[in-house]
Amino acid sequence: MSAFATAQAAATSAGPAAAAADASTTTVVNAPVAYRETVADLDATIRFYHGVLGLELASRPSRWSPDPTQSALGGTRVRSRTVDIAVPNETFVLRFTQYRGVLQTPQQAGPADPGQMQLTLSVKNAQAAFAALRAAHTPTLREGGSIPDGTGTGTITTWVRDPDRMPVEVVQRSGPDDWFTVDPPAVTDGPGMRYVIRGQIDFVAKSDTASLAFYRDLLGFDIDPGFSWLVGPYEHPVMADFLADMFGITHGSTWAAATGNCAPEVRCEFFEYDDLARTDFRPARTDPGAPSYEISTTDLPRLVARLKAAGVTIVTPHGHASVARGTQSVLVRDFSGLLVQIDQAGSPRG
């Protein structure tokens with residue numbers, strides 16, 4: 001039996017509510033820390049997210065130095081430099097790292113490939129934000145596409161790629177209901193809010209049930225099957241052609257979703273695209289274009305034991321947490337193959 005099937009069987013026998021309750025009591029708090037991305041050129045990444053999109057640096061770019069975290073968690077001796085970029089009204093940061101001293105292959109997932117993350121940045125004025133993206137000659141999600149002028153009513157959105165070809169949705173919400181499970185954000189003209197007022201992390205998953213088994217049943221996140229009026233719980237309808245065109249999905253493909261909050265005010269969405277062209281996306285963490293998710297927990301040893309019992313793949317050498325830079329952490333893969341770093345809460349940054 002596969003690891004996912006083992007966890008799914010355990011969750012099914014206890015029932016989703018019981019599994020979620022057990023997760024919340026077994027580990028007091030599991031919370032997002034960072035959307036992580038490995039980049040080819042850290043300075044180019046800073047120019048895009050800080051210079052073009054106006055987000056503020058949460059830390060100064062570090063100097064090149066040996067990276068004990070990657071050595072401890074991934075078993076690879078490398079040098080690296082990192083920067084954290086703040087997202088307004090969010091408790092997680094964007095954490096970008098450039099590596100040296102290891103063979104690297106730039107990576108780009110196909111639109112339906114499970115194991116990837118995508119970033120959504122909500123803006124207060126689509127016209128201004130889209131104009132800045134056009135002025136910077138930002139490539140669109142689909143090759144040869146164009147960024148609209150940002151006028152109109154309702155939800156106004158465009159999909160672009162950052163310097164490492166990672167998908168980024170830039171969207172102006174239509175109103176309070178368009179925030180779904182989080183409150184409308186506080187909006188000012190202060191630092192970091194030239195355009196962006198909130199973030200969101202999206203996951204492309206192997207299946208909706210795989211997402212629920214890992215993030216709801218094991219981590220205790222407040223995730224439910226389905227996505228508002230678009231996809232019902234556990235349903236797999238044929239994706240509308242306009243959505244398929246937006247995401248680059250083959251017409252006639254079915255899809256499914258699980259959505260909710262990864263923290264009380266952190267929205268996250270999980271999508272399964274049953275496109276025949278999809279393949280698993282599992283780059284090395286040191287490859288440019290490789291995503292990973294970082295969370296913290298108040299009880300790392302107990303959570304690691306729980307993940308092992310469910311058959312989760314532990315990437316960290318020897319299968320247990322390691323300490324680097326004073327942080328106790330472990331690197332695992334979720335049931336869709338995405339790398340997830342889990343830190344003991346209260347430790348210094350890893």
Side-chain angles (χ1 to χ4, degrees), residues 3 30-46 57-85 92-107 109 115-117 163-164 166 214 219 280-308 311-334 336-350:
N30 299 319
V33 172
Y35 164 98
R36 298 190 66 137
E37 181 183 328
T38 301
V39 302
D41 182 341
L42 191 65
D43 295 325
T45 299
I46 293 171
L57 304 187
S59 68
R60 303 182 72 174
S62 63
R63 297 181 178 180
W64 286 108
S65 62
D67 190 326
T69 301
Q70 179 58 26
S71 177
L73 299 186
T76 309
R77 295 184 179 277
V78 294
R79 297 172 65 83
S80 69
R81 57 193 296 248
T82 295
V83 70
D84 286 353
I85 294 181
F92 67 87
V93 298
L94 311 181
R95 184 162 292 163
F96 300 102
T97 302
Q98 181 181 355
Y99 292 102
R100 280 182 180 171
V102 63
L103 183 64
Q104 296 174 291
T105 303
Q107 302 287 332
Q116 62 175 301
M117 291 195 306
D164 289 276
M166 294 286 280
F214 187 84
L219 296 186
D280 291 343
F281 184 60
R282 293 197 175 193
R285 195 183 199 186
T286 51
D287 284 342
S292 58
Y293 191 38
E294 185 173 351
I295 68 171
S296 68
T297 180
T298 54
D299 195 336
L300 183 61
R302 190 175 297 180
L303 179 56
V304 170
R306 178 177 174 82
L307 296 177
K308 284 184 176 180
V312 171
T313 298
I314 309 295
V315 177
T316 302
H318 312 299
H320 56 74
S322 296
V323 177
R325 293 176 175 156
T327 302
Q328 187 180 24
S329 305
V330 68
L331 192 63
V332 307
R333 287 195 183 273
D334 72 9
S336 297
L338 176 70
L339 288 169
V340 180
Q341 178 176 326
I342 308 172
D343 306 325
Q344 174 64 48
S347 300
R349 196 196 86 179

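All figures in this text were calculated on a predicted structure; none of them were measured in a lab.
- Considering CZ of Arg100 and CZ of Arg79, their distance stands at 8.0 Å, rounded to 0.5 Å.
- Side-chain contact check for Arg81 versus Pro61: some heavy-atom pair is nearer than 4.5 Å.
- Note on Asp299 versus Arg306: no salt bridge recorded, every NZ/NE/NH1/NH2 to OD/OE distance being 4.0 Å or above.
- Residues Phe214 and Val332 form a side-chain contact, since some pair of their non-hydrogen atoms from C-beta on lies under 4.5 Å apart.
- Judged by distance alone, with hydrogens and angles left aside, the side-chain atoms of Lys308 form no donor-acceptor pair with the main-chain N or O of Ile314 at under 3.5 Å.
- The closest donor-acceptor contact from the side chain of Asp287 to the backbone of Thr105 lies under 3.5 Å.
- Minimum interatomic distance between Ala290 and Ala284 (heavy atoms only, all atoms of both residues): CB-O, 3.3 Å.
- Legend: residues meeting side chain to side chain contact (heavy atoms under 4.5 Å, CB included) with Ala72, ordered by chain and number and at least two apart, are Ser322, Ala324.
- Under the ring-ring contact (aromatic ring centres under 6.0 Å, His included) criterion, the residue pairs touching residues 284-306 are Phe203-Tyr293, with sequence neighbours excluded.
- Separation of atoms CD (Gln344) and CG (Leu303) is listed at 9.5 Å; rounding is to 0.5 Å.
- Atom-to-atom distance recorded for Leu219:CG and Leu307:CG is 6.5 Å, nearest 0.5 angstrom.
- A pairwise comparison of heavy atoms in Ile295 and Pro32 identifies CG2-CA, 4.1 Å as the closest pair.
- Two residues are said to be in side-chain contact when any heavy atoms from C-beta on lie closer than 4.5 Å; Thr69 and Arg325 meet this criterion.
- The distance from atom CG of Asp334 to atom CE of Met117, rounded to the nearest 0.5 Å, is 9.5 Å.
- Residues Ala34 and Phe92 come closest through the heavy atom pair N-CB, 4.1 Å.
- Among the candidates Asp84, Val39, Asp164, the single residue satisfying the side-chain contact (heavy atoms from CB on, under 4.5 Å) test with Phe96 is Val39.
- No side-chain donor from either of Ser296 and Asp343 sits under 3.5 Å from a side-chain acceptor of the other.
- Checked by atom type and distance alone, the side chain of Ser336 never pairs as donor or acceptor with a backbone atom of Gly115 at under 3.5 Å.
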Run the numbers on Thr316 and Gln341 for side-chain contact (heavy atoms from CB on, under 4.5 Å), then give the verdict. CA-CA 10 Å; Thr316 302; Gln341 178 176 326; over 6 Å; no
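- Judged by distance alone, the side chains of Thr97 and Thr38 never bring a donor and an acceptor atom under 3.5 Å apart.
- Of all heavy-atom pairs between Ala321 and Val330, the closest is CA-CB, 4.1 Å.
- No donor-acceptor distance shorter than 3.5 angstrom exists from the side chain of Glu37 to the backbone of Pro291, with no hydrogens or angles considered.
- Within the 4.5 Å cutoff, the side chain of Leu73 has heavy atoms near those of the Arg285 side chain.
- Note that CZ of Arg282 and OG1 of Thr313 are 6.5 Å apart. Values are rounded to the nearest 0.5 Å.
- Once rounded to the nearest 0.5 Å, the distance linking CD of Gln98 with CG of Asp43 reads 7.5 Å.
- Across all non-hydrogen atoms, the minimal contact from Pro283 to Arg333 is O-NH2, 3.7 Å.
- Residue Met166 comes nearest to Gly289 through the heavy atom pair SD-O, 3.3 Å, listed as atom of the first residue, atom of the second, then distance.
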